[in-house]
K.L.:
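Starting off with a structure, shown below.
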Amino acid sequence: MASEAHHHDHDHHHHDHDEATESWVGQDGRVYHSHDGLAPHSHEPIYSPGYFSARARPLSTRNFRERAFTIGIGGPVGTGKTALMLALCQFLRDKYSLAAVTNDIFTKEDGEFLIKHGALPEERIRAVETGGCPHAAIREDISINLGPLEELSNLFKADLLLCESGGDNLAANFSRELADYIIYIIDVSGGDKIPRKGGPGITQADLLVINKTDLAQAVGADLAVMERDALRMRDGGPFVFAQVKHGVGVEEIVNHILQAWEVATGNKRH
């Protein structure tokens, strides 16, 4: 139903019943709403699980002097986004100038985690509170992330920027205006059905990471099923099985990132 298009792609609440949320039809005919202090935005209706081959390509017009090559890390709550941020920092920080922006809905917990674990010097990490619509901050109203990313990029002459989204549902994905390389991370404890459920993160991210493979037996998840479904749903696009916390698969993820960085920027890896 077209009239449903303005509903959030959260599957658990409809914002138009909130008193604090106003909805209205814009001149373009799309339904806009504003909440949590975000600029008014609409949500694109999502009609299919999405196709890797039809994904939005990185912007060819990007000026990397204004903002360094930016890696977006998204995925559901608790799948290992912050652990991956930490692992990437540890792997890359000696050879590259890095900075990181984390998103949480109401806290600065993930940024504090990175600082506590010494991922990077504290001044290279910014934590952003997005309010209750974490995907809008990476997709429709990205200024809340672009500001700190551009600032960090210039301050530290960054080679690479990391931007971690707030934990979200399967419909969340990064705008290409924000992320030059998109990693979507799921974990086996969600069940082996998750890859085939699709959604733009799973089908269209540049790289899918299936994390916590060491838990597969405990939760009854079949990795062969996950591999088969990930390949099918992603038209053969790349994915990595990982145990980020134990360092498994991290080097493979880094190689994917650096390969994309080389292609986009013309730089050679150190």
Side-chain angles (χ1 to χ4, degrees), residues 7-14 43 46-52 55 71-88 102-107 109-110 113 130 132-139 162-174 179 181-250 252-253 256:
H7 279 323
H8 264 316
D9 32 27
H10 296 192
D11 34 29
H12 51 275
H13 57 284
H14 297 312
H43 291 289
I46 295 173
Y47 297 115
S48 82
Y51 302 96
F52 184 76
R55 74 195 186 285
I71 297 124
I73 297 175
V77 172
T79 52
K81 293 183 297 300
T82 317
L84 181 56
M85 291 280 280
L86 174 60
L88 292 177
T102 64
N103 290 186
D104 271 305
I105 56 175
F106 302 121
T107 66
E109 186 122 348
D110 290 345
F113 174 90
T130 63
C133 196
H135 48 260
I138 61 166
R139 203 173 58 195
L162 301 173
C163 182
E164 176 192 351
S165 87
D168 215 320
N169 59 36
L170 296 177
N173 199 15
F174 282 81
Y181 191 78
I182 300 167
I183 298 175
Y184 197 76
I185 181 166
I186 61 174
D187 74 289
V188 302
S189 62
D192 52 27
K193 65 183 184 287
I194 295 294
R196 68 175 171 269
K197 285 197 165 188
I202 284 171
T203 59
Q204 296 177 352
D206 296 303
L207 181 66
L208 176 67
V209 175
I210 300 174
N211 196 25
K212 307 184 189 178
T213 54
D214 46 325
L215 301 182
Q217 201 173 355
V219 298
D222 185 335
L223 293 180
V225 166
M226 296 187 90
E227 178 167 12
R228 181 199 71 200
D229 290 348
L231 282 167
R232 185 171 58 86
M233 294 299 292
R234 290 177 55 73
D235 303 339
F239 76 96
V240 173
F241 277 131
Q243 295 167 34
V244 170
K245 203 172 173 179
H246 307 304
V248 177
V250 175
E252 199 181 337
I253 295 166
H256 280 287

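If you read the sequence from its start, that first residue is 1, and numbering goes on from there.
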K.L.:
Compare every heavy atom of Ala171 with every heavy atom of Pro200, then report the nearest pair and how far apart it is.
P.N.:
CG-O, 3.5 Å
K.L.:
How many angstroms lie between CE in Met85 and CD1 in Ile71, if you round to the nearest 0.5 Å?
P.N.:
9.0 Å
K.L.:
Nearest 0.5 angstrom please: Asp229 CG to Lys197 NZ, how far?
P.N.:
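It is 12.0 Å, given to the nearest 0.5 Å.
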K.L.:
Could you tell me which residues satisfy side-chain hydrogen bond (donor to acceptor under 3.5 Å, both in side chains) with Asp187, sequence neighbours excluded, listed by chain and number?
P.N.:
Ser189
K.L.:
Report the distance from atom CD1 of Ile73 to atom OG1 of Thr82, rounding to the nearest 0.5 Å.
P.N.:
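Answer rounded to 0.5 Å: 9.0 Å.
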K.L.:
Using only atom types and a distance under 3.5 Å, with no angle test, would you say the side chain of Asn211 pairs donor to acceptor with the backbone of Thr79?
P.N.:
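It does hold such a pair.
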K.L.:
Does Arg55 reach the side chain of Asp206, with side-chain heavy atoms less than 4.5 Å apart?
P.N.:
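Yes, close enough: below the 4.5 Å cut-off.
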K.L.:
Of the non-hydrogen atoms in Pro134 and Gly167, which two are nearest, and what is the gap between them?
P.N.:
CG-O, 3.8 Å
K.L.:
Is there a side-chain contact (heavy atoms from CB on, under 4.5 Å) between Leu170 and Ile194? Walk through the geometry before answering.
P.N.:
CA-CA 9 Å; Leu170 296 177; Ile194 295 294; 4.2 Å; yes
K.L.:
Any idea which heavy atoms bring His256 and Tyr181 closest together, and the distance?
P.N.:
CB-OH, 3.3 Å
K.L.:
Looking at every heavy atom in both Leu208 and Ala230, which two are closest together, and how far apart are they?
P.N.:
CD2-CB, 4.1 Å
K.L.:
What distance separates Ile182 CD1 from Asn173 CG, expressed to the nearest 0.5 Å?
P.N.:
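Result: 4.5 Å between the selected atoms.
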K.L.:
Is there a donor-acceptor contact under 3.5 Å from the side chain of Asp192 to the main chain of Val225?
P.N.:
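Side chain of Asp192 to backbone of Val225: no pair is present.
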K.L.:
Do the non-hydrogen side-chain atoms of Phe239 and Met226 ever get within less than 4.5 Å of each other?
P.N.:
no
K.L.:
Testing the basics here: between Val188 and Ala216, what is the closest heavy-atom pair and its distance to 0.1 Å?
P.N.:
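Closest heavy-atom pair between Val188 and Ala216: CG2-N, 3.7 Å.
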K.L.:
Rounded to the nearest 0.5 Å, how far does CG of Asp222 lie from NZ of Lys193?
P.N.:
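Reported value, rounded in 0.5 Å steps: 14.0 Å.
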K.L.:
Do Pro76 and Tyr184 come within less than 4.5 Å of each other through their side chains, counting heavy atoms only?
P.N.:
yes
K.L.:
Among Val240, Leu207, Val209, which residue satisfies the side chain to side chain contact (heavy atoms under 4.5 Å, CB included) criterion with Glu252?
P.N.:
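Among the candidates, only Val240 passes.
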K.L.:
For the CD1 atom of Ile183 and the CD atom of Glu164, what is their distance to the nearest 0.5 Å?
P.N.:
11.5 Å
K.L.:
Minimum heavy-atom separation for Ser165 and Gly74, please, with both atom names.
P.N.:
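Answer, listing the atom of Ser165 first, then Gly74: OG-CA, 3.6 Å.
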K.L.:
Looking at Lys212 and Ile186, would you say the former's side chain and the latter's main chain have a donor-acceptor pair under 3.5 Å?
P.N.:
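No; zero donor-acceptor contacts below 3.5 Å.
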K.L.:
Decide side-chain contact (heavy atoms from CB on, under 4.5 Å) for Asp104 and Asp110; before the verdict, give the C-alpha distance in whole Å, the side-chain angles of both, and the deciding distance to 0.1 Å.
P.N.:
CA-CA 7 Å; Asp104 271 305; Asp110 290 345; 3.2 Å; yes
K.L.:
Please answer whether the main-chain N or O of Arg232 pairs with a side-chain N or O of Arg228 as donor and acceptor at a distance below 3.5 Å.
P.N.:
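No, because the side chain of Arg228 does not come within donor-acceptor range (under 3.5 Å) of the backbone of Arg232.
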